[in-house]
Amino acid sequence: MEDKLKDKLIEYWIKDKVITNKKLIEAFKKVPRENFVKKEFLDQAYYDTPLPTIKEQTISQPTTVMIMLQALSLKEGDKVLEIGTGSGYNSALISHIIGKKGTIYTIEIVSELVKFAKKNISKLKIKNVKIIHADGSQGYKEASPYNAIILTAGTPKIPQPLIEQLKNNGRLLAPVGPLYEQVMIKITKKGERLIKENLGPFVFVPLKGKYGY
Ligand code: SAH
């Protein structure tokens with residue numbers, strides 16, 4: 001049942017050319033989303049919807065995650081920063097794409113979710129995901145600069161520290177806008193210049209912390 005739904009999602013992405021990056025499809029196949037959802041939602045693990053995790057937070061919708069990861073143009077060996085670890089699912093996908101030489105630092109502000117994500121990630125024996133309990137709206141300067149930064153919570157503005165922590169030619173993705181009606185913004189850093197693209201409307205849970213709502 002679950003496998004059928006998983007295959008259907010993949011079929012839809014390929015047929016409608018939503019996802020053209022093969023590596024991304026491979027990662028989706030390999031990472032069991034069922035490992036990252038709460039027991040009561042196991043039968044919905046491959047529904048194309050967000051699902052509740054803990055404290056009114058969610059694991060994002062599969063299609064949304066895949067669109068964001070595709071736009072990030074991740075390469076093997078990249079160093080990535082994620083703000084909003086949640087269940088850890090997105091980090092697990094990124095971990096597969098960047099490979100053993102890459103590292104992902106992922107920041108979560110809710111301590112219960114830090115625990116939940118650590119448990120989920122360690123079950124899969126993934127080694128290159130570093131989960132940190134902190135306010136990610138300020139980024140994570142200690143390991144900067146990053147090839148790619150991804151915000152998985154909606155933000156009123158792109159926090160300036162995140163731009164500073166991006167490498168030259170680095171990519172940043174963030175849902176930006178008022179509460180519950182963001183547009184996905186992609187920023188590519190070219191020296192002093194920031195190239196901005198709008199990938200369309202999305203809805204995310206709100207970013208907390210210093211640069212949040
Ligand atoms: N990427 C997650 C989904 C994230 S939902 C997954 O794959 O499951 C957004 C998450 O951002 C929530 O877990 C929320 O607690 C967290 N969050 C909100 N504000 C934050 C902040 N300032 N720093 C770090 N995490 C934050």
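No hydrogens, no waters, no symmetry mates; every other heavy atom, side chains included, goes into these values. FYI, the numbering just counts along the sequence from 1. We count ligands from 1, going down the list as the structure has it; atoms in each ligand are counted the same way.
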- Would you say Ser60 and ligand 1 have an N/O pair spaced under 3.5 Å apart?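 Ser60 vs ligand 1: no N/O contact under 3.5 Å.
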Do [X] and [Y] come close enough that some side-chain heavy atom pair is under 4.5 Å?
X: Leu9; Y: Leu5; result: no
X: Tyr140; Y: Ile149; result: no
X: Pro145; Y: Gln165; result: no
X: Thr152; Y: Gln57; result: no
X: Ile25; Y: Trp13; result: yes

salt_bridge([X], [Y]) N-O dist < 4.0 Å:
X: Lys23; Y: Glu76; result: yes
X: Arg171; Y: Asp78; result: yes
X: Glu112; Y: Lys55; result: yes

Nearest to [atom], what protein heavy atom do you find, and at what distance?
atom: atom 15 (O) of ligand 1; answer: Glu108 OE2, 2.6 Å
atom: atom 5 (S) of ligand 1; answer: Thr58 O, 3.2 Å
atom: atom 10 (C) of ligand 1; answer: Gly84 CA, 3.6 Å
atom: atom 9 (C) of ligand 1; answer: Thr152 O, 3.3 Å
atom: atom 17 (N) of ligand 1; answer: Ile109 CG2, 3.9 Å
atom: atom 8 (O) of ligand 1; answer: Ser87 OG, 2.7 Å
atom: atom 7 (O) of ligand 1; answer: Asn90 N, 3.0 Å
atom: atom 23 (N) of ligand 1; answer: Gly136 N, 2.8 Å

Tell me the contacting part of [X] for ligand 1: side chain, backbone, both, or neither, using a 4.0 Å heavy-atom threshold, strictly below.
X: Lys55; value: neither
X: Thr85; value: backbone
X: Leu113; value: side chain
X: Ser91; value: neither
X: Lys208; value: both
X: Val205; value: side chain

- For the student: nearest non-hydrogen atoms of Ile83 and Gly136, plus distance: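 Smallest heavy-atom distance, with atoms named: CG1-O, 3.3 Å.
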- Ligand-side contact atoms (ligand 1) for residue partner Ala134, heavy atom cut-off under 4.0 Å: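 The atoms of ligand 1 under 4.0 Å from a heavy atom of Ala134 are 23 (N), 24 (C).
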- Give the atoms of ligand 1, by number and element, whose distance to some non-hydrogen atom of Ile107 is under 4.0 Å.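 Those qualifying, in numeric order: 24 (C), 25 (N).
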- Query: For residues Asn128 and Ser95, is any side-chain donor paired with an opposing acceptor at under 3.5 Å?
  - Reply: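 Asn128 vs Ser95: donor-acceptor pair found between side chains.
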- Item | Face-on cation placement of Lys6 at Tyr46 ring, 6.0 Å and 45° thresholds |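 No, a cation-pi geometry is absent between Lys6 and Tyr46.
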